[in-house]
**Q** 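Here it is, the structure, as structure tokens.
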Amino acid sequence: MKQVISTNEAPSAIGPYSQAVKAGNILITSGQLPIDPATGVFPEGIAAQTRQSLTNCRAILESAGLSMANVIKTTVFLKDMNDFQAMNEVYATFFAGDFPARSAVEVARLPKDALVEIECIAAL
């Protein structure tokens, strides 16, 4: 059985999807754009956008009683792979101890022309 997870601390879905879905002992977030839920806008630059995307992921996890420590896998979608190092530096600050598994790929374009989008899979 699945349970939809939603919070006002992360941006609302901009399409027909949920912020996250919990099924059994797994929670999967949708890709989180770097939208500030308070203003509806993106911050400037890859570091700030990475921070906002991960902050949105964390808010969703926390609304389900989880933390970034529960994350077992992330996928990072980058508009430009040249931003990998700057993204990675911010990304590392969101995890303590062992890091989750991760994929990072360059894509042709992201919604709203974001520089990054990040999704998480967490274990309860």
**Q** Would you call L61 and N70 a side-chain contact if the rule is heavy atoms closer than 4.5 Å?
**A**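 SC-SC contact between L61 and N70 ruled out.
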**Q** Name all residues meeting the side chain to side chain donor-acceptor pair (under 3.5 Å) criterion together with T29; count only those two or more places apart in sequence or in a different chain, and write none if there are none.
**A**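 Side chain to side chain donor-acceptor pair (under 3.5 Å) list for T29, sorted by chain: empty.
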**Q** Taking side chain as C-beta onward, heavy atoms only, is N8 less than 4.5 Å from P37?
**A**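 They are not in side-chain contact.
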**Q** Less than 4.5 Å apart, side chain to side chain, heavy atoms only: is that true for L66 and L124?
**A**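 They are in contact (side-chain heavy atoms under 4.5 Å apart), so the answer is yes.
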**Q** Output side-chain donor-acceptor pairs under 3.5 Å for residues 77-84, partner residues at least two apart or in another chain, one line each.
**A**
| from | atom 1 | to | atom 2 | distance (Å) |
| --- | --- | --- | --- | --- |
| D80 | OD1 | N82 | N | 2.8 |
| D80 | OD1 | N82 | ND2 | 3.1 |

**Q** Kindly indicate whether the side chain of I60, heavy atoms from C-beta on, has any atom under 4.5 Å from the side chain of E9.
**A**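 Heavy-atom side-chain distance check fails, nothing below 4.5 Å.
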**Q** When rounded to the nearest 0.5 angstrom, what is the spacing between CD in Q49 and CG in L110?
**A**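 Answer rounded to 0.5 Å: 9.0 Å.
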**Q** For V21, give me all partners under side-chain contact (heavy atoms from CB on, under 4.5 Å), at least two apart in sequence or on another chain.
**A**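 Residues passing side-chain contact (heavy atoms from CB on, under 4.5 Å) with V21: K2, S18.
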**Q** Compare every heavy atom of V76 with every heavy atom of Y91, then report the nearest pair and how far apart it is.
**A**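 Reported closest heavy-atom pair: CE1-CG2, 4.3 Å.
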**Q** Mark yes or no for whether S53, through its side chain, and T50, through its backbone, hold a donor-acceptor pair below 3.5 Å.
**A**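 Between the backbone of T50 and the side chain of S53 there is no qualifying donor-acceptor contact (under 3.5 Å).
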**Q** What's the spacing between T74 OG1 and I72 CD1 if we round to 0.5 Å?
**A**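 These two atoms lie 11.0 Å from each other.
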**Q** Sort and list the pairs that fulfil salt bridge (charged side-chain N to carboxylate O under 4.0 Å, His left out) and have at least one residue in residues 46-64, not counting sequence neighbours.
**A**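 Checked against salt bridge (charged side-chain N to carboxylate O under 4.0 Å, His left out) - neighbours excluded - no pair reaches residues 46-64.
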**Q** Is there a side-chain contact between Q3 and I5, using heavy atoms and a 4.5 Å cut-off?
**A**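 Side chain of Q3 against side chain of I5, heavy atoms only: contact under 4.5 Å found.
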**Q** What class does the angle between the rings of F99 and F95 fall in, given that below 30° is parallel, 30 to 60° is tilted and above 60° is perpendicular?
**A**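 It falls in the perpendicular class, over 60°.
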**Q** On a heavy-atom basis, which atom in V116 and which in P34 lie closest, and how many Å separate them?
**A**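 Reported closest heavy-atom pair: O-CD, 3.2 Å.
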**Q** For L33, which fellow cluster members are found when Ile, Leu, Val, Met, Phe, Trp and Tyr are connected by side-chain heavy-atom distances below 4.5 angstrom, either directly or through intermediates?
**A**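 Taking Ile, Leu, Val, Met, Phe, Trp and Tyr as members, L33 shares its hydrophobic cluster with I14, Y17, I35, F42.
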**Q** Could I get the full list of salt bridge (Lys or Arg N to Asp or Glu O under 4.0 Å) partners for D113, not counting sequence neighbours?
**A**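 Applying salt bridge (Lys or Arg N to Asp or Glu O under 4.0 Å) to D113 gives R109.
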**Q** Once side chain to side chain donor-acceptor pair (under 3.5 Å) is applied, do any residues pair with N88, and if so which ones, sequence neighbours excluded?
**A**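 R102.
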**Q** Quick one: side-chain contact (heavy atoms from CB on, under 4.5 Å) partners of S6, sequence neighbours excluded?
**A**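 By the side-chain contact (heavy atoms from CB on, under 4.5 Å) rule, S6 matches Q19.
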**Q** Does E119 CD have over 12 foreign heavy atoms under 6.0 Å away?
**A**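 Yes, the 6.0 Å shell around CD holds more than 12 heavy atoms from other groups.
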**Q** Applying side chain to side chain donor-acceptor pair (under 3.5 Å), can you list everything that pairs with E117, at least two apart in sequence or on another chain?
**A**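 Side chain to side chain donor-acceptor pair (under 3.5 Å) check on E117 returns nothing, list empty.
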**Q** Taking only residues two or more places apart in sequence or in another chain, which ones pass side-chain contact (heavy atoms from CB on, under 4.5 Å) with E89?
**A**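 side-chain contact (heavy atoms from CB on, under 4.5 Å) check on E89 returns Q85.
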**Q** What closest approach, in Å, do N56 and A10 show between heavy atoms, and which atom pair accounts for it?
**A**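 Where N56 meets A10 most closely, the heavy atoms are O-CB, 3.8 Å.
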**Q** Tell me every residue that passes ring-ring contact (aromatic ring centres under 6.0 Å, His included) with F94, counting only those two or more places apart in sequence or in another chain.
**A**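 Applying ring-ring contact (aromatic ring centres under 6.0 Å, His included) to F94 gives none.
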**Q** I'd like to check the side chain to side chain donor-acceptor pair (under 3.5 Å) partners of T39; sequence neighbours left out, ordered by chain and number.
**A**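 Testing T39 for side chain to side chain donor-acceptor pair (under 3.5 Å), a comparison that skips the adjacent residues, returns none.
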**Q** In terms of hydrophobic clustering (I, L, V, M, F, W, Y; side-chain heavy atoms under 4.5 Å; direct or indirect links), are I28 and V71 co-clustered?
**A**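 They do not share one cluster, since no chain of ILVMFWY contacts under 4.5 Å joins I28 to V71.
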**Q** Closer than 3.5 angstrom, by distance alone: can the side chain of S103 be matched with the main-chain N or O of T75 as a donor-acceptor pair?
**A**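 Looks like no, no N/O pair under 3.5 Å.
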